[in-house]
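Notes follow once the structure below has been shown.
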Amino acid sequence: MERVYISKIPDYVDQEVTIKGWLYNIRSSGKLMFPELRDGTGIIQGVVVKSAVPEKVWEDFSRLTQESSVIVKGSVTKHPKKENVFELQVTDLEIISIAEPYPITPKEHGVEFLMDRRHLWLRSPRQVAILRVRNEIIQSIRDYMYENGFILFDTPIFTPNACEGTSTLFSTDYFDLGKAYLSQSGQLYAEAGAFALGKVYTLGPTFRAENSMTRRHLTEFWMMEPEMAYCDINEDMDLIEDFMEYVVQRVIKNCRSELTELGRDLSKLENVKKPFPRITYDEAIDILIKKDIPLIRKTENGEEHIRPFPWGEDFGAPHEEAIVEDFDKPVMVHRWPAEAKSFYMKRDPENPKIALGVDVLAPEGFGEIIGGSQREDDLKELEKRIAEHNLPMEEFQWFLDLRRYGSVPHSGFGLGIERMVNWICNLENIREAIPFARRPNRITP
RNA sequence: UCGACAGUAGCUCAAUGGUGGAGCAUUCGGCUGUUAACCGAAGGGUUGCAGGUUCAAGUCCUGCCUGUCGAGCCA
């Protein structure tokens, strides 16, 4: 009897099959039982008729507990009442393991309770759907990059210095060489890769030791960072919109049932097609002024300081929301005040106060999911920036070499994988977007 | 780090300062088409911790711990 995955069950109507999985739930009705079986690809309801199975099979079913592992044989039939739903008319049962009382019931649970049992929570249909979407997002990123000539370029996780010199890093002892830091970005190394291979991308974990306790932050998250030689900020944005359209449309195509399980409004995602709106930072500020969204800062004595949004400040959550709400696509905000951005960004030749950076804000208030820029390619300018930011010049000599030996205009961006999952799946909190989320207050399981 | 809110049965929640309850889960019984199945019964509690106010505290006050959300920072 053929072993079949539940996702393939519609191909086996009226045939005898074997399903290997776990008991998700069971209802009984005296001389009938309805076990729900899951195998990672789906859930199917079995029908056990007392008079139609050996006594041992009936007794074994009545011993089963939630999440017991079982191998079940039976024939596939159409559901008597529901269209496109199939059942298994059970003939035989083999118990692999009886589960102890399972803590996660098909009822509501709090987030802390579930996160303490994340290793079990992953089995529930919603989490399975999210992780399948995550898989499709990452696979479509890899396929897009491969098909467009990008070379996967793996960058180190142990690094000797702060990549951007801004956020706090995790540190660890590194033999006789002092401290090593966990990478917060592979970008600087990817720039070396771009000069060797033309177009590269990194895809791996990155680390930020910021004590950020919000629905959008992790201390360990996955980032995808393309880097292209002979590429300016406008071509960078061309790539962003082409790439994002590809990924989103492919997830819609291949993960329709998962997105439905998550209750996702697909029409919102179907809008994600090029071109995306491109607005400058100055234009974004005009929107904030027009909508009367002020900048609110708390002073040290706790008083709120409210003023019209001033040029030079970075946007907070309410500002991002106001900028995005008039659009039904991701919005690219470009040409930022240089002071608010990293040292490596190239200045606008037309205005030295402007950096050629771009942030991509996801629709529906999901906030920033991409940050990118054209990189400073002039040796003297870059040296000046490193000095201004009080970064260790010695550590950056290899990075400066890229400007000494055949410097070219180049650009790239960083995409937060979990933020992409967060948005596409319409999640409440980013901790569901990765199998085992790492946040300041959690490192287990 | 700062701010707001919360912590009661295994879980999700209720309880005017006056005898701590319900649903689910668990165990037992019933039911031949159930869909978070249903019906009946049983067991299950140091109300986060430490102080204080009061005749009396789950409830009010102080401190601490833990969590959620938000701010800052960012992908």
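We name chains A, B, ... by the order of the sequence lines, and we start the count at 1 in each one. Computed from a predicted model, the values in this text were never measured in an experiment.
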Practice item. May I ask you to verify whether the side chain of Arg419(A) and the base of C74(B) hold a donor-acceptor pair under 3.5 Å? Key: yes
Point to revise | Residue Met223(A), side-chain heavy atoms: nucleotide from A71(B), A75(B), G33(B) that is nearest | key: A75(B)
Exercise for review: Looking only at side-chain atoms of Arg431(A), point me to the closest of C69(B), U34(B), C31(B).
Suggested key: C69(B)
Applying a 4.0 Å non-hydrogen cut-off, can you work out what [X] is touching in the nucleic acid: base, sugar-phosphate, or nothing?
X         : value
Asp359(A) : nothing
Ile370(A) : sugar-phosphate
Lys82(A)  : base
Gln66(A)  : nothing
Arg439(A) : sugar-phosphate

Are any of [X]'s side-chain N or O atoms less than 4.0 Å away from OP1 or OP2 of [N]?
X         : N      : result
Arg215(A) : G70(B) : yes
Lys81(A)  : U34(B) : yes
Asn422(A) : A75(B) : no
Asn441(A) : U68(B) : yes

Practice item. With C1' as the reference atom in both, quote the distance from U46(B) to G20(B) in angstrom, rounded to an integer. Key: 13 Å
